Amino acid sequence: MAVADRTCGCLGCTDPAAVVIDHPDHGRRVVCEDDAKDHKVLRHV
């Protein structure tokens with residue numbers, strides 16, 4: 001489930017945000033499903 005007014009937090013990505021991940025270097029980030037690969041998903045947004 002994506003939230004229309006939030007976009008992915010990865011540099012250059014404009015896809016809708018879908019999940020919160022626990023990034024090893026940057027902490028918790030709100031990202032799209034594609035950029036959540038290989039990271040621990042904490043919750044859906």
Side-chain angles (χ1 to χ4, degrees):
M1 176 190 299
V3 178
D5 62 338
R6 294 195 75 172
T7 56
C8 180
C10 288
L11 184 63
C13 185
T14 58
D15 291 343
V19 296
V20 176
I21 62 167
D22 187 17
H23 192 281
D25 297 327
H26 304 292
R28 292 186 177 176
R29 298 284 185 203
V30 179
V31 299
C32 67
E33 290 284 349
D34 287 339
D35 290 321
K37 289 183 268 183
D38 300 326
H39 296 290
K40 179 181 177 184
V41 174
L42 300 175
R43 65 182 168 87
H44 290 271
V45 293

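Sequence positions, counted from 1, serve as the residue numbers for this chain. Just so you know, these numbers come straight off a predicted model, no measurement behind them.
- Counting all heavy atoms, side chain and backbone alike, C32 lies closest to P16 at CB-O, 3.4 Å.
- By the ring pair (Phe, Tyr, Trp, His ring centres under 6.0 Å) test, H23 pairs with H26, H39, sequence neighbours left out.
- The side-chain contact (heavy atoms from CB on, under 4.5 Å) test with C13 is passed by exactly one of T7, V31, D35: D35.
- Shown here is D25, whose CG atom has more than 12 heavy atoms of other residues, nucleotides or ligands within 6.0 Å.
- Nearest heavy-atom pair across A36 and V41 is CB-CG2, 4.4 Å.
- The minimum heavy-atom distance between V19 and V45, with the atom names listed, is N-CG2, 3.9 Å.
- In this structure, CD on E33 lies 11.0 Å from CD1 on I21, to the nearest 0.5 angstrom.
- A distance of 8.5 Å separates SG of C8 from CG of D34, quoted to the nearest 0.5 Å.
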